[in-house]
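Within every chain, numbering begins at 1; the chains are lettered A, B, ... in the order of the sequence lines, protein sequences first and strands thereafter. The figures that follow rest on heavy atoms only: side chains count, while hydrogens, waters and symmetry mates do not.
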2 protein chains.
Amino acid sequence: MELVKKKIFEKFIAEKGLKSTRQREIILEAFLATDRHMSIEELYLQLRDAHPTIGYATVYRTLKLFAESGIAREFQFGDGQTRYEHVTQGEHHDHLVCVGCGAISEFTNDAVERMQDEIAASHGFAIRYHKMELYGLCAACQK
Amino acid sequence: MELVKKKIFEKFIAEKGLKSTRQREIILEAFLATDRHMSIEELYLQLRDAHPTIGYATVYRTLKLFAESGIAREFQFGDGQTRYEHVTQGEHHDHLVCVGCGAISEFTNDAVERMQDEIAASHGFAIRYHKMELYGLCAACQK
DNA sequence: ATCTATAGTGAAAATCATTTTCAATAACGG
DNA sequence: CCGTTATTGAAAATGATTTTCACTATAGAT
Ligand SMILES: [Mn+2]
Ligand SMILES: [Mn+2]
Ligand SMILES: [Zn+2]
Ligand SMILES: [Zn+2]
């Protein structure tokens, strides 16, 4: 799974005439090693201990590249920070966001997905992607 | 309809011990007069001709108040600008966003709304609100 | 292995939307 | 009309992100 994403990114790099650098490898490792919805700052801070020389701007640039290459998806959950998550080929999910603790969980629902396509079609819209986020209190935060 | 919103805002102002100012009235008029999903800048620029003395910060502050009072809803459609739309009591809709021309259209779908509640419930989530946006090309932009 | 052209990097500066500060002004109950 | 308190506009501050730039590293060619 992670290997597949590495391959995809290497291919992307090669085809774009970009270069494979030590920093990109390190950031990719760190990104693939988490299953959270990481913000740029979070990833930067986590990286900093083991790799103090990697700059903030490089993390920004690299995460953007991940998104461009298709191995990452960019998000805005309303806390002012851009977050990134893994994209797995052929998989799609949406999110539940806790307004209490900020926890982000995932769900899939085929019926809703289908209906979204129908809604778009019925409006003559050629849908590219969608965003569906349910905000509320997670079980823990309700107590 | 617009009158109702004015009343709601007046009530909000009164209950909060805030003051009814000329600027707030003007901005409210302008906001209620449009049916678009206006960004703060758009509203500010539109206002500027007739009311050159109203400051940017006041527009910001006032739109936030509208949202707080319940007559407006705040949005982020990914273009980096916060947008506001009218909120009509008891009404809810979601959005289709054209990635070509930026046009924003609206739709409602009760079945999807219900399913969202079910999804949240099945995850032990106490849902507060949701965000569902379908991004793609509008009919005009497909040509 | 060395050279060369070009992409990438880190640090600092620049952007851009938004928020805050502050001195001056306006609203409103008495 | 007064005094108190909220509001305003302009400018400065903020915070996330992006750009700039001098220097470095990569990768293909020699
Ligand atoms: Mn996710
Ligand atoms: Mn709308
Ligand atoms: Zn929570
Ligand atoms: Zn369009």
Determine yes or no for a side-chain-to-main-chain donor-acceptor pair under 3.5 angstrom, with B:Gln142 supplying the side chain and A:Gly124 the backbone. yes
Which heavy-atom pair separates B:Ser69 from B:Phe12 by the least distance, and what is that distance? CB-CG, 3.4 Å
Quick one: closest heavy-atom pair of A:Leu47 and A:Ala30, and the distance? CD1-CB, 3.2 Å
Can you tell me the distance, in whole Å, between the NE2 atom of B:His51 and the C1' atom of D:dT8? 16 Å
Please say which of A:Glu29, A:Arg22, A:Gln23 ends up in a side-chain contact (heavy atoms from CB on, under 4.5 Å) with A:Ile26. A:Arg22
Whole angstrom is fine here: how far is it from CG in B:Leu43 over to P in C:dA17? 16 Å
Kindly write out the residues that satisfy side-chain hydrogen bond (donor to acceptor under 3.5 Å, both in side chains) with A:Glu41, not counting sequence neighbours, or none if the list is empty. none
What is the separation between atom OH on B:Tyr44 and atom C1' on C:dT19, rounded to the nearest whole Å? 16 Å
Starting at CD1 of B:Ile54, measure out to CZ of B:Arg24 and round the result to the nearest 0.5 Å. 12.0 Å
Answer with yes or no whether the hydrophobic clustering places A:Val87 together with A:Phe31; edges join I, L, V, M, F, W, Y residues whose side-chain heavy atoms lie under 4.5 Å apart. no
Please report the distance, rounded to the nearest Å, between NZ in A:Lys16 and P in C:dG8. 11 Å
Give every residue pair that meets the salt bridge (charged side-chain N to carboxylate O under 4.0 Å, His left out) criterion with at least one member in residues 133-143 of chain A, sequence neighbours excluded. none
Could you state the CG-C1' distance from A:Asp79 to C:dT18, rounded to the nearest angstrom? 16 Å
Whole angstroms only, please: what is the CD-P distance between B:Glu15 and D:dA6? 17 Å
Can you label the angle between the A:His95 ring and the A:His37 ring as parallel, tilted or perpendicular, going by 30° and 60°? perpendicular
Just how far, in rounded Å, is P of C:dA17 from CE of B:Met38? 16 Å
Take atom CZ of B:Arg24 and atom P of D:dG9, then tell me their distance rounded to the nearest Å. 11 Å
Hey, is A:Glu10 close enough to A:Lys6 for a salt bridge, meaning N to O under 4.0 Å? no
Within residues 63-86 of chain B or reaching into it, pairs that qualify as salt bridge (charged side-chain N to carboxylate O under 4.0 Å, His left out) - sequence neighbours excluded: B:Lys16-B:Glu68, B:Glu42-B:Arg83, B:Lys64-B:Glu74, B:Arg73-B:Glu85, B:Asp79-B:Arg83
Summarise how protein sits on nucleotides 25-30 of chain C as a single string, 5' to 3': B when a protein heavy atom is under 4.0 Å from the base, S for sugar-phosphate-only contact, - for no contact. --BS--
Quick test: give all pairs of protein nitrogen or oxygen and nucleotides 19-23 of chain D nitrogen or oxygen below 3.5 Å, distance rounded to 0.1 Å.
residue, atom, partner, partner atom, Å
D:dT20, O4, A:Arg61, NH1, 3.3

Are there any protein N/O atoms within less than 3.5 Å of an N/O atom in nucleotides 13-17 of chain D, and if so, which ones and at what distance?
residue, atom, partner, partner atom, Å
D:dA16, O3', A:Gly80, O, 3.4
D:dT17, OP1, A:Thr82, N, 2.9
D:dT17, OP1, A:Thr82, OG1, 2.5
D:dT17, OP2, A:Tyr60, OH, 2.5
D:dT17, O5', A:Tyr60, OH, 3.2

